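Keep in mind that this is a model prediction, so the values were computed, not measured.
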Amino acid sequence: APRGASSAFYRDMLARRAEPAELAPLDLATIERRELAPHVTLAASPNPHNQLFALDLELGVGSETLPALEVADDYLARIAPQGWTIDEFQAQLTTLGVTLDVVANAQRFTLRIEGPDAQLEPALALAWALLEQPQADARRFAQLRRERWGEARVTRQDPREVAEALREYVLYGPQSSYLRAFGPAELRRLGPARTLDALAQARDYALSLRYVGPRSLADLEPIVRAGMPTLARARKPAQAYVIRERRLPSEATVFFTPKRGAVQTQLYFAVEGEPVPREQRAVADAYGEFMGGSMAGLVFQEIREYRAL
């Protein structure tokens, strides 16, 4: 093709005007909330822009209380509810145009579904079946174990990961997330049965449902009750958020982790300071990005680019 040639489609797209997006702050008054049962709440926020929905099913406990939940989220995303094969379950989600994600952190265990709002009812039924009646699959758990073993082998060679592990150890000691993570041997002892047992314990905690979509709370409530028939069982209150206690040394201390094969040196400086007030967080984030948040940061430009260190 001649130099500078372009297609009719490209010229058409180039000629179209892109209207600037209009940003509108979220009006918290538009969020509706209702208690469906003891320790079960439903919140609905309107989405007037399209016919898509997002629904979070959040259990009020995380890996800080039930450590095996750190594995259960990955495992649950790989299996299917009882009565379904994995292929059938994944095919049904695809047919509905729905995505399903499972995420656990130290504080909460969350299952999220997103897709066309017209498919909310069947999608909710599938998600609830997976959460309430997951079918153990030893082969999928073995696959998970092998993948984590391979990932661990790679990350142990990554200087950034080693530096982050050292930082966690300095700040939190035995409570470091790296020391508490499940390694290959721990995963072998855990197995699929104990992983699902931890999930069964998590199901006994408070449940928070958060919906964003075109339906009102009044329209949503009967759908939730129909799709989640065991909603109103006895539940424990949600666990309070846990903040790990820091264990900084009482005097200036330097910690080393020799890594002979490292191409670069990783340095962390930890000092005591006051928590950043909420109203100053945006400024603090901007300052962090300006100083060293990326390759355009002042520290990178000065030390790496200008001084070639």
Undergrad: Salt bridge or not between Arg281 and Asp285? Use side-chain N to carboxylate O under 4.0 Å.
TA: no
Undergrad: Per the side-chain contact (heavy atoms from CB on, under 4.5 Å) rule, which among Val98, Leu93, Thr95, Leu96 passes with Pro122?
TA: Leu96
Undergrad: Thr253 side chain to Glu251 main-chain N or O, any donor-acceptor pair under 3.5 Å?
TA: yes
Undergrad: Provide the full list of side chain to side chain donor-acceptor pair (under 3.5 Å) pairs with a residue in residues 101-116, sequence neighbours left out, each pair given once.
TA: Asp56-Arg112
Undergrad: If only atom types and distance count, is the side chain of Glu186 paired as donor or acceptor with the main-chain N or O of Gly183 below 3.5 Å?
TA: yes
Undergrad: According to salt bridge (Lys or Arg N to Asp or Glu O under 4.0 Å), does anything in residues 159-168 pair up with another residue at least two apart or in another chain? List the pairs.
TA: Asp158-Arg160, Glu164-Arg167, Glu168-Arg244
Undergrad: To the nearest 0.5 Å, how far apart are CG in Leu217 and OG in Ser45?
TA: 11.5 Å
Undergrad: Using a 4.5 Å cut-off on heavy atoms from C-beta on, say whether the side chain of Pro184 contacts that of Arg146.
TA: no
Undergrad: Keeping the roles fixed (side chain from Gln280, backbone from Pro277), state whether a donor-acceptor pair exists under 3.5 Å.
TA: no
Undergrad: Is a side-chain donor or acceptor of Arg235 paired with a backbone partner of Leu231 at a separation under 3.5 angstrom?
TA: yes
Undergrad: Hey, are Glu151 and Arg156 close enough for a salt bridge, meaning a charged N less than 4.0 Å from a carboxylate O?
TA: no
Undergrad: Nearest 0.5 angstrom please: Gln119 CD to Gln92 CD, how far?
TA: 9.0 Å
Undergrad: Given 3.5 Å as the limit, does a donor-acceptor pair link the side chain of Arg225 with the main chain of Leu36, or not?
TA: yes
Undergrad: Working to the nearest 0.5 Å, report the span between CD of Gln90 and CH2 of Trp84.
TA: 11.0 Å
Undergrad: Pairing donors with acceptors under 3.5 angstrom, does anything connect the side chains of Gln239 and Thr65?
TA: yes
Undergrad: May I ask you to decide if Asp219's main-chain N or O and Ser216's side chain share a donor-acceptor pair within less than 3.5 Å?
TA: yes
Undergrad: Calculate, to the nearest 0.5 Å, the distance between atoms CZ and CG belonging to Arg34 and Leu220 respectively.
TA: 9.5 Å
Undergrad: To the nearest 0.5 Å, tell me how far Leu55 CG sits from Leu111 CG.
TA: 9.0 Å
Undergrad: So, does Thr195 use its side chain to make a donor-acceptor pair with the main chain of Gly191 at under 3.5 Å?
TA: yes
Undergrad: Please list all pairs passing the ring-ring contact (aromatic ring centres under 6.0 Å, His included) test where one or both residues lie in residues 138-187, with sequence neighbours left out.
TA: Tyr75-Phe141
Undergrad: Between the side chain of Arg210 and the main-chain N/O of Leu57, is any donor-acceptor distance below 3.5 Å?
TA: no
Undergrad: Pairing donors with acceptors under 3.5 angstrom, does anything connect the side chains of Asn47 and Tyr211?
TA: no
Undergrad: Would a distance-only check, ignoring hydrogens and angles, find a side-chain to backbone donor-acceptor pair under 3.5 Å from Asp73 to Ala104?
TA: yes
Undergrad: Check Glu32, Glu121, Glu221 against Arg215 for a salt bridge (charged side-chain N to carboxylate O under 4.0 Å, His left out) and give me the one that passes.
TA: Glu121
